[in-house]
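Letters A, B, ... mirror the listed sequences (proteins, then strands); counts begin at 1. Only heavy atoms go into these numbers, but all of them, side chains included; no hydrogens, no water, no symmetry mates.
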Amino acid sequence: MCDATEVDIAASLPTPNNIKKRSVFCTFAAIQKSVIRMELTKNFEPQEIEKKWYSHWMDNGYFKSVPDTREAYTIVMPPPNVTGVLHMGHCLNNTIQDILIRRARMQGKNACWVPGTDHASIATEAKVVAMLRERGITKSSLSREEFLAYAWEWKEKYGGIILEQLKKMGCSLDWDRTAFTMDPDYYKSVIEIFVKLYNDGIIYRGLRMVNWDPASKTALSDEEVIFKDVDSKLYYVTYPFADGSEGGITVATTRPETILGDVAICVNPTDERFLSLIGKEVIVPIINRKIPIIGDEYVTVDFGTGALKVTPAHDKNDNELGKKHNLKALSTLDAEGKFTIVDLMEEDPSEQVYGYVGMDRFVLRKKIAEDIAAINQLQKTEDYKGQVGTSERTGAVIESRLSLQWFMDMKKFIASNPDIAKAVSEDKIKFHPNKAKNTYAHWMDNIKDWCISRQLWWGQQIPAWYDEDGNFVVAENKADAEKEYIKKYGAVPPLRGGQEGLLQDEDCLDTWFSSWLWPMEVFKGISKPNNEEINYYYPTTTLVTGQDIIFFWVARMVMAGYAFKQQLPFKDVYFTGMVRDKQGRKMSKQLGNSPDLLGLIDHYGADAVRFGIMIASPAGNDILFEESALEQGRNFNNKMWNALKLVKMWEGRTTDDGPQTTESREPTTDSGRQTTGGVQSGLSSVVGGQTFAINWFENRLAEVRNEVNEMLNQFKLSEALKVIYSLIWDDFCSWYLEWVKPGFEQPIEKAVYEKTVGFFTSLMELLHPFMPFVTEEIYHLLDERNDDLCVKINVDSTTANEQILKEGTLLKSMISGLRDVRNKNQMKPKEKITVHIDTAEVNIYKSIESILAKQINSESISFVTDAIAGTITTVIGKDKFYIETEQPLNVAGQKEDLEKELQHLNGFLTTVEKKLGNEKFVANAKPEVLALEQKKKADAEEKMKILEESLKGL
RNA sequence: GGGAGCAUAGCUCAGCUGGUUUAGAGCAUCUGCCUUACAAGCAGAGGGUCCGCGGUUCGAACCCGUGUGCUCCCACCA
């Protein structure tokens, strides 16, 4: 590559390798420099450049972190599902993390960002099952080992996809640390924690009503159930009295399919309508079971008919009622939500009941309603809007089902470590935005037991071992279990017909029971406690995640952190909002409104996508995704690219000459007409103008640098990006570059050129965490470098000089004001004008007049003390401007403008005077406020005087 | 049903402890420009009952009350 004889242009474009070698091969570098200058493309072309820099960063190990003496800045990536594909949510989330981690790296901290994936038991198992089904294999035909072999095969094949996609976005993750929640050590840690909590009496096994997902045939935690509004029907079903007396009792139910499991009718004992019926018996339709009418205050008098059917096997509240009143629970639905007759066998069910066996619950609902109608026991149906729980993963309607599961006693667990409850409320862990604290506190206060067992194979298998009779012990492995068994039951476990005595629980643990250890175990904090890494990186610095997993994950990591490491897991939590489409709808597969992220990166470039997603996404707010934001990002790339082209054009044209004459820089100016009398001669020093421009921009840069730092410290990322965007586009490109730009094909002073390159470099530094690729590229094209922007340490910021900033603002407002006058008077851009200024502060103008002249295309500026007849008159600030033009004068229009301004000031003055005339204000307001109001008054009066004078002169 | 939050330009949002020139930005819109880095651009402009009402205050977009409209969280009135 470094063979200088082969300067084939395409091949000579800088690559990481040749850039590094430039300083060694000077001649080659010189040749290449000229090639670069010639070859900058019209627009920024991200694709190749992104690939080039990502591999360069990787080759140099910039993302790699090992403990050292520096301060650590640690982020653990919320592990996406191992089978997941990158979507807009990941894009937002990981862009934010990358911004934080890149900034930390450039602040000289030891930045460590850990990637990884989550085994996601339900989601992954569902995918593997679907894949097997396509191959004609059913899960039930496989042994656990066979199934897991298929699952691992799937994981190895598709597991890394999402991580590869993150590289395209420029994410600076330490890939050597890539973790997985089922890595051997991780797996072991999860088991160890389970055993510990069991021994502490926090984990227990029990028969409880659980949320059952009939699609994946597993129990779920409360957090995994999502309630959705549905249109359903209320069926009014009459249960005749068992004693044969006339009539019966009518209940309203949304679930007639559970009628065959009814064991009682319940009414409110305060309800006079039913008071006399309590204790009587009624007959369950179709199955003809006699059930009692009971009384309980749980029943709402004015809902439905005021009578409730009690089905303890299929409803949480009914189950409570059942326990209270000693009722049997008769299950009529199996694990798949199909009708089962097992519990009804004693009742010698009819053929009709047998006919329901195997029928799906929703089919059965209609069928039973029809059958009840056929015997005239269905009074009516009415439409009803209700809510129904669905599985977060499969979307299936959840059944409440009585089931033997493993639970964690959360109240007891939290009580065991008082720090857990205080961490967030006392701001030891800060939430951004702060309002998430409320949600968190509310959940913690109302916490319920956590169902941690899942009827799945893909996950950490529950370390409980059972003998033939269902006696069990909990231990980390089988050998320990056998010992434990002997200890507990005083004998070796009896063999099962020649087979081994103890069998392990078939179920596995909730995925979140492993993810809650993530910030610790990615550094082996559980499996190898107190190792160098965990001691250095933990607690991690910032967690970036979605609000939707605040309970699933954030809260549980806090608990785990304090419980197992006696330390908080992270110091700040940045909650991202949800990415929605332009109409504010959630992105979903069904709606098809989820853009193809990789396609967008291909089309706009990763930097543009990062810009687009960050430009309007305050912490915690949902963001409305619009492709136009990406366009804005792409345009921003091009803007910087074009500024680079301009600066590169100057590179070969620098001069060490002293102050240049006006003529040499403004060749078209007629030097003889430079001044037209007045107080000061104009256009004396272009150098003065450039000095001003440099001085101003230096201070402006310092100002913004401080602002950005402040914003980033407060996690106001999108605001920081906006400020940088405006600094580059407006202040640097639109103002500064125009101010120092030499005339066409004119040389530029070396000092000015070098300053400009320095500014551009600083700007790239400031922007780099947000848009890493384009900034790295420009950084290297601007100058020969021995380092890379990616790992460049920021310079300390300085304080900006207020005075020079004010002068810059004044200059800008004069330029804009005079350009407006030009526009309003229909002057052609090429038409040169002569300007006379009546000002009290000629000195200030000295340093800026050459810039002013160039920017408003004035061939001459002079200073006067009297009005000049036959000119366009305008007032900007406190100065009067008289503009000579060949255009016909629009006196009426000028008058109107001045009068409008005067009127505005008049209104303003009135409010100020009103304030100052108010005795109470003068007495109560702070002195500085009072002084300010007085200054406002004086300023307004002065300005009005100037306007009035100008009006008279017209 | 309980709780939290939000309402500022056509859109997306800033606006910190009430006073900083009778409200700011970006996008979009309009007008004029193929000016020599950039038409994916340049220059300029217009655009607001700070959701309604009431109160506190010398002074309110900001504090309090109330109404309206959205959003989110929690809770299985079957």
Side-chain angles (χ1 to χ4, degrees), chain A residues 40 42-43 211 225 227 234 251-255 266 298-300 302-305 307-311 315-318 384 386-389 398 400 433 435-436 438-439 442-443 446 547 550-551 578 582 584 615-618 620-624 626 628-629 631-632 634-649 714 716 718-719 722-723 725-726 733-734 737-738 741 743-745 815-816 819-824 826-830 857 904-905 907-912 914-915 918-926 928-930 932-933 935-937 939-940 943:
Chain A
L40 287 181
K42 180 167 158 45
N43 284 327
N211 307 300
V225 179
F227 285 91
L234 262 184
V251 303
T253 179
T254 54
R255 305 202 54 196
C266 189
Y298 164 76
V299 179
T300 314
D302 50 13
F303 184 89
T305 62
L308 169 75
K309 73 183 202 64
V310 183
T311 324
D315 185 281
K316 238 180 229 172
N317 293 311
D318 288 13
Y384 179 70
Q387 281 200 314
V388 58
I398 294 300
S400 285
K435 64 183 177 189
N438 294 330
T439 318
H442 185 258
W443 185 76
N446 296 288
Q547 283 158 308
I550 185 165
F551 310 133
M578 197 175 293
K582 216 174 157 180
I615 195 66
S617 69
N621 278 23
D622 286 356
I623 81 157
L624 299 191
E626 284 191 64
S628 67
E631 270 173 44
Q632 199 186 341
R634 178 199 57 190
N635 295 352
F636 186 33
N637 278 339
N638 287 337
K639 187 67 187 179
M640 292 186 283
W641 190 248
N642 278 298
L644 173 73
K645 283 201 288 188
L646 176 68
V647 174
K648 292 315 279 183
M649 272 175 55
Q714 294 172 32
K716 295 180 174 176
S718 76
E719 271 188 75
K722 275 180 200 171
V723 169
Y725 173 79
S726 167
C733 294
S734 297
L737 287 179
E738 294 296 334
K741 189 180 186 177
F744 184 49
E745 294 197 333
I815 294 169
S816 295
R819 279 172 175 170
D820 186 29
V821 170
R822 292 187 61 117
N823 258 343
K824 281 192 175 135
Q826 272 123 40
M827 290 182 207
K828 290 263 157 58
K830 279 184 178 158
N857 197 16
H904 174 84
L905 274 170
F908 175 68
L909 187 63
T910 314
T911 61
V912 176
K914 213 168 123 190
K915 252 190 214 177
N918 184 327
E919 277 172 39
K920 284 187 180 169
F921 171 72
V922 178
N924 294 327
K926 279 180 275 181
E928 58 267 31
V929 173
L930 192 62
L932 186 75
E933 289 301 317
K935 186 173 183 303
K936 278 194 211 171
K937 181 173 184 260
D939 283 357
K943 180 117 202 247

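Surrounding CD of E919(A) are at most 12 heavy atoms belonging to other residues, nucleotides or ligands under 6.0 Å away.
Close to A4(B), at under 4.0 Å from its OP1 or OP2, lies no side-chain N or O of H442(A). Contact annotation: T311(A) side-chain N/O to A78(B) OP1/OP2 distance is not under 4.0 Å. Between K639(A) and G41(B) there is no side-chain N or O to OP1 or OP2 distance below 4.0 Å. Of the side-chain N and O atoms in Y384(A), one or more sit less than 4.0 angstrom from OP1 or OP2 of A78(B). Within the 4.0 Å cut-off from OP1 or OP2 of C58(B), not a single side-chain nitrogen or oxygen of K926(A) is found. Contact between the side-chain N/O atoms of R819(A) and the OP1/OP2 oxygens of G44(B) is found at a separation under 4.0 Å. Residue K936(A) places at least one side-chain N or O closer than 4.0 Å to OP1 or OP2 of U20(B).
Rounding to whole angstrom units, CG of residue N823(A) and P of U31(B) are separated by 13 Å. Nucleotide C72(B) holds its C1' atom 8 Å from the NZ atom of K435(A), rounded to whole Å. Residue N635(A) contributes atom CG, which lies 14 Å from atom C1' of C42(B) at whole-angstrom precision. Distance K722(A) NZ to G26(B) P: 10 Å, rounded to the nearest Å. Atom CZ in F921(A) sits roughly 11 Å away from atom P in G59(B) (whole-Å rounding). Rounding to whole angstrom units, NZ of residue K828(A) and P of U31(B) are separated by 17 Å. The separation between L930(A) atom CG and G19(B) atom P is 16 Å, rounded to whole Å. Look at CG on D622(A): it is 13 Å from C1' on C73(B), rounded to the nearest Å.
Looking only at side-chain heavy atoms (C-beta outward), W641(A) and N637(A) stay at 4.5 Å or farther from each other.
Across U20(B), C27(B), U22(B), the shortest atom-to-atom separation from the side chain of F908(A) is found for U22(B). Side chain of L932(A), nearest nucleotide from C38(B), G19(B), U12(B): G19(B). Counting only heavy atoms from C-beta on, D939(A) has its side chain closest to U21(B) among A37(B), U21(B), C73(B). In the set C11(B), C73(B), C38(B), the nucleotide with an atom closest to the side chain of E626(A) is C11(B). When each of A40(B), A37(B), G26(B) is scored by its nearest atom to the side-chain atoms of Y725(A), the top-ranked nucleotide is G26(B). For Q632(A), the listed nucleotide lying nearest its side chain is C27(B); candidates were C27(B), G15(B), C38(B).
Taking atom C1' in both G69(B) and G52(B), one finds a spacing of 11 Å when rounded to whole Å. Taking the P atoms as reference points, U35(B) lies 14 Å from A43(B), given to the whole Å. Only the P atoms considered, C27(B) is 15 Å distant from A40(B), to the nearest whole Å. Distance noted for atom C1' between U20(B) and A61(B): 15 Å (whole Å). Nucleotides A75(B) and A28(B) place their C1' atoms 43 Å apart, quoted to the nearest Å. Comparing U68(B) with A9(B), their C1' atoms sit 22 Å apart, to the nearest whole Å. Only the C1' atoms considered, C34(B) is 11 Å distant from C42(B), to the nearest whole Å. Spacing of C1' atoms, G47(B) relative to U8(B), comes out at 14 Å, to the nearest Å.
Just one residue in the list K936(A), K937(A), K935(A) forms a side chain to side chain donor-acceptor pair (under 3.5 Å) with D939(A), and that residue is K935(A).
Both C733(A) and T253(A) lie near RNA chain B, and the one whose nearest nucleotide falls closer to the 5' end is C733(A). Along RNA chain B, the nucleotide nearest L234(A) and the nucleotide nearest S816(A) are compared for position; the residue whose nucleotide lies closer to the 5' end is S816(A).
Backbone-only contact: T439(A) has heavy atoms under 4.0 Å from sugar-phosphate atoms and none from a base. Residue S726(A) is out of contact with every strand shown, counting any heavy-atom pair closer than 4.0 Å. N857(A) comes within 4.0 angstrom of no nucleic acid atom, judged by non-hydrogen atoms across all strands. Backbone-only engagement by D820(A) is indicated by non-hydrogen atom pairs under 4.0 Å involving sugar-phosphate atoms exclusively. Residue contacts shown for Q714(A) are absent, as no nucleic acid heavy atom lies under 4.0 Å away. Within 4.0 Å (heavy atoms only), G907(A) reaches at least one base atom of the nucleic acid. Base contact: V299(A) has a heavy atom under 4.0 Å from a base atom.
With hydrogens and angles ignored, a donor-acceptor pair under 3.5 angstrom links the side chain of Q387(A) to the base of A75(B). You'll find a donor-acceptor pair under 3.5 Å spanning the side chain of N638(A) and the base of A40(B), going by distance alone. A donor N or O paired with an acceptor N or O is found under 3.5 Å between the base of C77(B) and the side-chain atoms of T300(A).
Using a 30° and 60° split on the angle between ring planes, Y384(A) and F303(A) fall in the perpendicular class, above 60°.
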